[in-house]
Enquirer: 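One structure, as structure tokens, below. Some questions next.
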Amino acid sequence: MLTIHADSRGRALVVQGEWITAAGPLEDVRAAHPRARVREWPGILSPGLVNLYGNELLEEAYHPDPREADELGTEPLTGEALAALALDDARWGASARRGVQRMLAHGTVAAACEPLGNRAVRDAVRRTGLGVVGRTGRPQGPASLDPYACGAPVEFAPEREAGSAARFAVFDVRDEWELAERGAATCVATVVAGRLVYRRR
């Protein structure tokens with residue numbers, strides 16, 4: 001089934017399966033695909049963010065289960081707090097899945113990582129569909145789910161066009177300047193492999 005994703009600026013992407021089949025003004029793509037389902041989002045379509053801190057957020061931090069909030073809080077645990085948990089593979093995998101979901105909620109479509117050494121984390125990330133790109137060495141600044149909060153230059157995935165993988169995010173801002181000012185928590189939707197994997201409620 002064809003789905004058209006459009007933003008408040010009138011830009012649209014046509015998605016079929018895992019691919020973008022057309023991109024352009026909403027009026028044009030809607031006329032070319034009159035039977036397609038249309039999702040109109042507030043804000044701007046973007047190719048989505050690349051979080052440079054994949055290793056730090058996915059295999060060097062524990063993302064507590066909501067049921068553990070009273071005991072562990074809700075923020076990722078690192079350092080001594082992480083070491084005290086003595087996690088087994090099942091908890092590492094579950095943490096990685098929650099970590100990916102939190103990244104998707106910030107418009108992240110790919111994480112930059114050195115090879116993931118924790119097999120449970122590696123398998124969990126692969127199953128989520130989050131893109132993984134290579135990196136050399138550790139980036140400067142503190143790791144954060146919001147790439148705008150890290151102090152490092154923010155990286156976006158390549159621009160989406162016809163023939164691109166259906167992987168992008170929508171931020172509820174007027175333009176890229178406001179996105180940089182308000183940060184990635186303004187994300188309202190993230191699409192990976194053609195699937196709407198995050199939608200703000």
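The basis for the numbers below is simple: all heavy atoms, side chains too, and nothing from hydrogens, waters or symmetry mates.
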Enquirer: Please answer whether the main-chain N or O of A143 pairs with a side-chain N or O of E56 as donor and acceptor at a distance below 3.5 Å.
Expert: no
Enquirer: Which atom names give the shortest non-hydrogen contact between G129 and R167, and what distance separates them?
Expert: O-NH1, 3.1 Å
Enquirer: Going from CZ on R199 to SG on C187, what distance comes out if it is rounded to the nearest 0.5 angstrom?
Expert: 12.0 Å
Enquirer: Grab the two heavy atoms, one from P142 and one from A149, that are nearest each other, plus how far apart they are.
Expert: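 In this case the closest contact between P142 and A149 is CG-O, 4.4 Å.
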Enquirer: Using the rule that two of Ile, Leu, Val, Met, Phe, Trp, Tyr join whenever any of their side-chain heavy atoms come within less than 4.5 Å, decide whether L52 and V132 are in one cluster.
Expert: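 Same hydrophobic cluster.
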Enquirer: To check you understand the geometry: which heavy-atom pair defines the closest contact between L26 and A12, and what is its length?
Expert: CA-CB, 3.8 Å
Enquirer: Using the six-membered ring wherever Trp is involved, compare the ring planes of W41 and H5 and label them parallel, tilted or perpendicular (cut-offs 30° and 60°).
Expert: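 Parallel.
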Enquirer: To the nearest 0.5 Å, what is the distance between OG1 (T21) and NE2 (H33)?
Expert: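 One gets 5.0 Å once the value is rounded to the nearest 0.5 Å.
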Enquirer: Could you walk me through whether R135 and E155 satisfy the salt bridge (Lys or Arg N to Asp or Glu O under 4.0 Å) test, starting with their C-alpha distance in whole Å, then the side-chain angles of each, then the deciding distance to 0.1 Å, before giving a yes or no?
Expert: CA-CA 13 Å; R135 76 176 197 192; E155 292 192 15; over 6 Å; no
Enquirer: Given the rule that I, L, V, M, F, W and Y join up when any side-chain heavy atoms are under 4.5 Å apart, are L49 and V125 in one cluster?
Expert: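 Each belongs to a different hydrophobic cluster.
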Enquirer: Would you say E114 has more than 12 foreign heavy atoms packed within less than 6.0 Å of its CD?
Expert: yes
Enquirer: Does D172 use its side chain to pair, donor to acceptor, with the backbone of V188 at less than 3.5 Å?
Expert: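 Flag not set: sc D172 to bb V188 has no pair under 3.5 Å.
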Enquirer: Any ion pair linking R174 and E181 (charged N to carboxylate O, less than 4.0 Å)?
Expert: no
Enquirer: Between N55 and E60, is a side-chain contact (heavy atoms from CB on, under 4.5 Å) present by the stated rule, with each step listed?
Expert: CA-CA 6 Å; N55 296 84; E60 297 177 16; 4.3 Å; yes
Enquirer: Same cluster or not: are Y53 and M103 linked, directly or through other Ile, Leu, Val, Met, Phe, Trp or Tyr residues, by side-chain heavy atoms under 4.5 angstrom apart?
Expert: yes
Enquirer: Testing the basics here: between A162 and A23, what is the closest heavy-atom pair and its distance to 0.1 Å?
Expert: N-CB, 4.5 Å
Enquirer: Below 4.5 Å, heavy atoms only, C-beta onward: do L45 and R160 meet side chain to side chain?
Expert: no
Enquirer: Which heavy-atom pair separates E18 from A193 by the least distance, and what is that distance?
Expert: CG-O, 3.4 Å
Enquirer: Could you list the donor-acceptor pairs under 3.5 angstrom formed between side-chain atoms of residues 82-97 and any protein atom two or more places apart in sequence or on another chain?
Expert:
residue	atom	partner	partner atom	Å
D88	OD1	A90	N	3.3
D88	OD1	R91	N	2.9
R91	NH2	Y62	OH	3.4
R91	NH2	E68	OE2	2.9
S95	OG	H63	N	2.9

Enquirer: Heavy atoms, side chains only, cut-off 4.5 Å: are P47 and F168 in contact?
Expert: no
Enquirer: Could you tell me the separation between the CD atom of Q101 and the CG atom of L145, rounded to the nearest 0.5 Å?
Expert: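 Result: 12.0 Å between the selected atoms.
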Enquirer: Please report the closest heavy-atom contact between V154 and P147, naming both atoms and the distance.
Expert: CG2-O, 3.7 Å
Enquirer: Indicate yes or no for a side-chain donor-acceptor contact from R39 to the backbone of T3 under 3.5 Å, with no hydrogens or angles considered.
Expert: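 Flag not set: sc R39 to bb T3 has no pair under 3.5 Å.
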Enquirer: Check whether any side-chain heavy atom of E59 sits under 4.5 Å from a side-chain heavy atom of C113, and report yes or no.
Expert: no
Enquirer: For R119, give me all partners under side-chain hydrogen bond (donor to acceptor under 3.5 Å, both in side chains), at least two apart in sequence or on another chain.
Expert: none
Enquirer: Is it possible for you to say whether F171 and L13 belong to one hydrophobic cluster, with membership spreading through side-chain heavy-atom contacts below 4.5 Å?
Expert: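 The answer is no; the residues belong to distinct hydrophobic clusters.
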Enquirer: Hey, does R98 have a side-chain heavy atom less than 4.5 Å from the side chain of P66?
Expert: yes
Enquirer: Check this for me: R200, atom CZ, are more than 12 non-hydrogen atoms of other residues, nucleotides or ligands nearer than 6.0 Å?
Expert: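 Buried by this count: over 12 neighbours within 6.0 Å.
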Enquirer: Do any N or O atoms from the side chain of S8 and from the backbone of G43 form a donor-acceptor pair under 3.5 angstrom?
Expert: yes
Enquirer: Which residue in the set L104, V191, T128, L130 passes side-chain contact (heavy atoms from CB on, under 4.5 Å) when paired with V197?
Expert: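 Passing option: L104.
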Enquirer: Consider only side-chain heavy atoms of I, L, V, M, F, W and Y, link residues closer than 4.5 Å, and tell whether I20 and I4 are in one cluster.
Expert: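 No, I20 does not connect to I4 through the hydrophobic network.
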Enquirer: Examine distances only and state if a side-chain atom of T108 and a backbone atom of A110 form a donor-acceptor pair shorter than 3.5 Å.
Expert: no
Enquirer: Is any side-chain heavy atom of I44 closer than 4.5 Å to a side-chain heavy atom of R9?
Expert: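 Counting from C-beta outward, I44 and R9 do come under 4.5 Å.
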